[in-house]
Every structure is written in structure tokens, then in C-alpha cells.
Amino acid sequence: MYQIPRGTRDFLPEQAARFRRLEEIAVALASQYGYGELRTPIFEYTELFARSVGESTDIVEKEMYTFQDRGERSLTLRPEGTAGVVRAFVENKLYNGPLPAKYYYFGPMFRYEKPQAGRYRQLWQFGVELFGAAGPRADVEVIALGWQYFQELGIKATLVLNSIGCRQCREEYKKALVAYLQGRKTCKLCADRLERNPLRVLDCKEESCQRELEEAPRISQYLCPQCREHFERVKSGLSALSIPFTQDDRLVRGLDYYNRTTFEYKTTELGSQDALGGGGRYDGLVELIGGPAVPAVGLALGIDRTELMDPPALRREPRRRGVWLVTMDPVTDEAIALAHPLRRQGVYLGYDLEGRSFKAQFKQADRNNCRWSLIIGPDDLSQGQAMLRDMETGEQRPLALENLVELVSQLEGVK
RNA sequence: GUGGGUGUAGCUCAGCUGGUUAGAGCACCAGAUUGUGGCUCUGGGGGCCGGGGGUUCGAAUCCCUCUUCUCGCACCA
């Protein structure tokens with residue numbers, strides 16, 4: 001028997017509907033904030049992710065689905081959404097349009113990781129990217145959008161905030177960090193990171209490295225005056241909007257392109273998978289990808305985990321709706337022909353396709369949660385009428401065949 | 001990256017120390033009710049007991065091995 005690939009899943013109708021709702025709410029919210037949809041390919045040239053996400057990140061080092069196509073180009077299934085959006089922004093020269101420019105996306109991402117609850121190899125993200133605004137108000141707007149999403153869904157999330165500074169102050173910090181870590185025992189990978197990208201040591205998974213880091217210098221102590229000012233204004237901006245947050249100067253996040261503001265939405269309800277979403281500012285990335293120096297800030301929210309939180313906004317009471325046609329040979333085709341026009345009126349109409357007994361047909365009506373059963377059997381036809389049965393009360397009454405479609409389509413609960 | 005658990009019907013699981021044709025509940029289909037759902041009763045279909053190898057007269061059960069799914073920790077969405 002064929003099996004679904006590890007870390008992927010089928011969405012059966014009920015869960016697919018929940019996901020669709022999560023997407024609708026996200027799209028409505030993004031539109032309301034002035035973001036337009038930007039769809040990019042599911043795969044890009046590998047080089048794009050290596051450059052933008054960062055060569056020495058976990059994602060690029062060990063989590064990418066990379067393959068060669070028949071033209072021997074190296075392609076990679078997108079592990080995150082920002083790189084593709086930035087590529088499209090640059091390639092389509094969108095920086096020549098009015099700025100700031102705002103885009104959102106919703107779709108699957110791919111990471112080769114060990115699956116567990118709330119962690120998948122094909123995962124869904126909703127993200128927004130805001131280009132061309134360098135000031136802290138842009139950071140605040142993006143953070144507020146994500147915050148509102150969880151609020152609307154009724155999910156309890158907390159916001160964690162940090163600033164990792166700009167290129168200049170990070171250089172200072174790097175030096176201090178390297179000086180501190182030199183001579184201390186780190187894992188093999190971190191010894192290498194220490195040379196290539198010392199900041200990555202901060203979120204090393206090895207316990208020994210984490211222990212060594214407890215006393216390490218903190219980035220917050222090395223922010224330059226401009227970065228410090230920016231950070232302060234982001235914080236006061238959030239406070240002005242009554243968005244609560246905590247500060248955590250260990251929050252560096254797993255991608256290289258961030259600078260200044262980084263943030264994460266967290267939960268305590270999913271165990272180890274506590275990050276519902278996150279983002280930050282990435283001022284140098286557009287330039288790195290070949291565009292002009294356009295500042296940017298964005299976020300990405302994990303939809304799988306959001307759904308796992310069982311958002312109250314998704315809970316709906318099942319209600320009976322629609323009409324089930326009950327009929328019998330030899331008049332089955334005639335009855336279907338009479339009822340079928342209801343579908344053109346937007347009515348939910350169902351009927352048995354296998355010539356089952358009356359009893360079985362009523363059972364199907366019930367199981368399909370129909371509000372009404374419309375009975376058009378040989379006896380009814382010969383009397384020029386149909387019978388209408390209310391599946392909630394069991395009451396039944398005759399209906400004239402002449403204006404059947406009109407009568408039925410005006411009943412309550414048929415759509 | 002690391003540590004556990006698990007695999008028997010579509011689903012949830014039972015099957016004690018190896019012993020005939022492998023069971024239950026739910027679900028499905030049918031009948032009781034030859035034109036009436038939700039309740040009840042009766043019957044029915046459906047299993048290479050995850051794969052391979054071994055021990056044995058005999059393996060779902062014991063041993064080895066591969067594998068699947070899943071959960072925790074770390075990190076991330």
C-alpha cells in the first residue's frame with residue numbers, strides 16, 4: 001500500500017475547512033491592512049535560499065529539500081516565504097512603484113525535519129512583507145497585524161521582542177562574543193560557527209553550549225545609539241497600541257537576514273513547539289538579492305500550529321441544511337429531473353445513486369445532515385404531488401409539483 | 001541532533017505464561033418495518049496479526065533484524 005510521505009498529511013474535508021477558514025481570516029486581515037497577495041513559486045533556485053536565509057543556518061545546512069531538474073539546475077522547495085517575495089520584489093522592479101509596498105502570502109513551505117506534533121515537513125505559513133519603510137512604525141504595524149490575527153482567532157499568544165542591532169553594532173557584539181567564547185568548550189559545529197557566524201552559537205542545540213552561554217555578553221548591551229532609539233520606539237509604539245510584550249535578548253531567530261527588530265509569538269500550550277510565528281526587520285536583504293537598498297520588515301505565522309491550538313473562532317455548531325431527494329424506480333430519473341433545478345437556485349441537494357431502499361435513503365438524508373427530505377415516489381407522482389419531510393420534527397406535508405422548485409428553494413435551511 | 005513508545009478489521013483496541021477455523025465495540029451494508037432517519041434487535045462483508053529471517057510438531061504470542069507511525073527534549077513555524 002502506498003503511504004503518504006513522512007511529515008506530510010492529508011486534509012480530510014473537515015480539517016480542510018478549518019484550514020480554509022484560517023486562510024480566509026488571514027487574507028481578510030492582510031487586505032484590511034493594505035497588503036496585496038504575492039504568489040511566488042513553490043521552488044526557487046537553491047542559491048536564493050542559501051544567500052538570503054544564510055549558508056550557516058540550520059535551514060540551509062540540513063533542512064532543505066534540494067533537487068536537480070533535468071536541466072541540471074539546483075532547485076529547492078521553499079523552506080520559508082520571505083526569500084521568494086524579495087526575489088519577486090526585485091525581479092519585477094516593484095521598488096519603482098509607490099513605497100511602502102505591502103505583500104502577503106499563504107501557502108506551504110518545506111523543511112526536512114523530524115516530524116512531531118505541530119512540526120511537519122510540509123508546513124503552512126501566512127506571512128506579510130512590508131518594503132520601503134525604515135522607521136519603527138513599520139515594525140509596529142507588522143507586529144500588530146500578527147497580534148490581531150491571534151486575537152481574532154481567540155488564541156492566547158504572548159509576544160517576545162528583541163533587537164539584534166545593525167551591521168555596525170553587531171560587529172562589536174560579535175567581537176565580544178568571540179572573545180568570550182574563545183577557550184571555552186563548545187560543540188564541534190559551534191567551533192566552526194565561531195569563525196563563520198558566531199551569532200549562531202546563541203541558538204545551538206547542544207546543552208553544553210547553552211551552559212557556556214549563560215554568562216556570555218548580551219546583544220542588548222552593544223546596540224548603537226540609532227538601534228537603541230529604534231528599539232525604544234518600537235516598544236513604545238506597541239505599548240501605545242496596548243499590545244503587551246516581553247523582552248528576551250536571547251531571541252536571535254534562525255535566519256541570517258534579520259537586523260534590529262526580531263519577534264516571536266509564543267504559546268505555552270503546544271509543549272516544545274511553542275513558536276506560533278515570528279519575524280523581524282531585514283534591511284539589507286533586498287540589496288543582497290540584487291535590488292536597491294530598500295528596508296523591509298515582515299512576519300510569518302505557522303498555520304499548522306495555529307490550527308492545533310483549536311482557535312475558538314473556528315468552532316461552529318453543525319446545523320442541518322439542504323434537501324435530500326427520496327425516490328424509487330421506475331420514477332427515479334423523473335424525480336431527479338424535477339429536483340435537479342434546485343441546484344441552480346443554490347440549494348444543497350443530494351440523493352441516492354445506487355437504487356437503495358426508502359429506509360436507506362432516509363438514513364442517508366439523516367447522515368448527510370439534511371434539513372428536509374423531498375419524497376417523490378411513484379405514488380406521489382401519480383397524485384401530482386411530492387411529500388416534504390422536516391428531518392428535525394418528523395412532520396410531513398404535501399407539495400404541489402407545479403411550483404416545486406420555487407416552494408422548496410424558499411424553505412429555511414436549504415442552502 | 002537526541003531520547004522514548006508503537007504497529008492485530010475502515011477506526012479504537014483485547015488476545016494471559018506459544019496450542020484448532022484470530023475476537024470485541026464503533027463504523028459500513030442488509031433485514032425485522034415489501035414508502036420513512038435518529039433508538040432497539042438480528043444477520044453480513046471485511047484481517048498475508050508492519051516486512052523478512054530464526055526457534056518449535058505448532059508463532060499474533062518467543063528471539064534477531066529491517067521498517068512504520070507517533071510522542072518528548074533541543075531548535076524552529
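Just so it is clear: chains get the letters A, B, ... in the order the sequence lines come, proteins before strands, and each one is counted from 1.
Side-chain atoms of A/N92 come within 3.5 Å of backbone N or O of A/A88 as a donor-acceptor pair.
Comparing B/rC71, B/rG35, B/rU68 by their nearest atom to the side chain of A/Q3 picks out B/rU68. Closest approach to the A/R356 side chain among B/rG72, B/rA30, B/rA77 is made by B/rA30 (side chain taken as heavy atoms from C-beta onward). Comparing B/rC75, B/rG31, B/rC71 by their nearest atom to the side chain of A/K114 picks out B/rC71. Set against B/rA77, B/rC71, B/rC76, the side chain of A/L123 has B/rA77 as its closest nucleotide.
Ring geometry for A/F263 versus A/Y265: interplanar angle over 60°, hence perpendicular rather than tilted (30 to 60°).
Residue-to-nucleotide proximity on RNA chain B shows that, of A/G7 and A/P378, the 5′-proximal contact is made by A/P378. Nearest-nucleotide positions on RNA chain B for A/Q116 and A/Q125 put A/Q116 closer to the 5' end.
In this structure, the OH atom of A/Y149 is 16 Å from the P atom of B/rA77, given to the nearest Å. Regarding A/D380, its CG atom lies at a distance of 12 Å from the P atom of B/rG35, rounded to whole Å. In this structure, CZ of A/R9 is placed 15 Å from C1' of B/rC69, rounded to the nearest angstrom. The separation between A/E61 atom CD and B/rA74 atom P is 21 Å, rounded to whole Å.
Residues A/G84 and A/T40 come closest through the heavy atom pair O-CG2, 3.6 Å.
Comparing the P positions of B/rG50 and B/rA22 gives an interatomic distance of 15 Å, to the nearest angstrom. Nucleotides B/rG31 and B/rU36 place their C1' atoms 16 Å apart, quoted to the nearest Å. B/rU8 sits 12 Å from B/rU12 when the C1' atoms are compared, rounded to a whole Å. Rounded to a whole angstrom, the distance from the C1' atom of B/rC29 to that of B/rC49 is 25 Å. Nucleotides B/rG53 and B/rU61 have their P atoms positioned 14 Å apart, rounded to a whole Å. Atom P of B/rC64 sits at a distance of 30 Å from the matching atom of B/rC73, rounded to the whole Å. The same atom, P, is picked in B/rC69 and in B/rG7; the two are 15 Å apart, to the nearest Å. Across B/rC48 and B/rA60, the matching C1' atoms stand 12 Å from one another, rounded to whole Å.
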Enumerate donor-acceptor pairs with a distance under 3.5 Å from any side-chain N or O in residues 346-353 of chain A to protein atoms, sequence neighbours excluded.
from	atom 1	to	atom 2	distance (Å)
A/D352	OD1	A/E354	N	3.2
A/D352	OD1	A/R356	NE	3.3
A/D352	OD1	A/Q364	NE2	3.3
A/D352	OD2	A/E354	N	3.3
A/D352	OD2	A/G355	N	2.8
A/D352	OD2	A/R356	N	2.7

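Nucleic acid contact for A/E80: none, since no nucleic acid atom lies under 4.0 Å from a heavy atom of the residue. A/L276 comes within 4.0 angstrom of sugar-phosphate atoms only, judged by non-hydrogen atoms across all strands, and of no base. Using a 4.0 Å heavy-atom cutoff across all strands shown, A/Y265 reaches no nucleic acid atom at all. Heavy atoms of A/A365 sit nowhere under 4.0 angstrom from any nucleic acid atom.
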For nucleotides 36-52 of chain B, 5' to 3', base contacts (B), sugar-phosphate-only contacts (S) and non-contacts (-) with protein non-hydrogen atoms under 4.0 Å give BBB--------------
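With a 3.5 Å ceiling on both atom-pair distances, the Watson-Crick or G-U wobble partner of B/rG1 is B/rC73. The nucleotide B/rC13 finds its pairing partner in B/rG23, both defining distances of the Watson-Crick or G-U wobble pair being shorter than 3.5 Å.
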Starting from the C-alpha separation in whole Å, work towards a yes-or-no answer on side-chain contact (heavy atoms from CB on, under 4.5 Å) for A/L241 and A/V140.
-> CA-CA 9 Å; A/L241 301 183; A/V140 171; 3.6 Å; yes
Verify side-chain hydrogen bond (donor to acceptor under 3.5 Å, both in side chains) between A/D256 and A/T57, making sure each step is shown before the conclusion.
-> CA-CA 7 Å; A/D256 278 358; A/T57 57; 5.8 Å; no
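Relative to the ring axis of A/F231, A/K235 places its NZ or CZ within 45° and under 6.0 Å from the centre.
The number of heavy atoms from other shown groups lying within 6.0 Å of CZ (A/R20) does not exceed 12.
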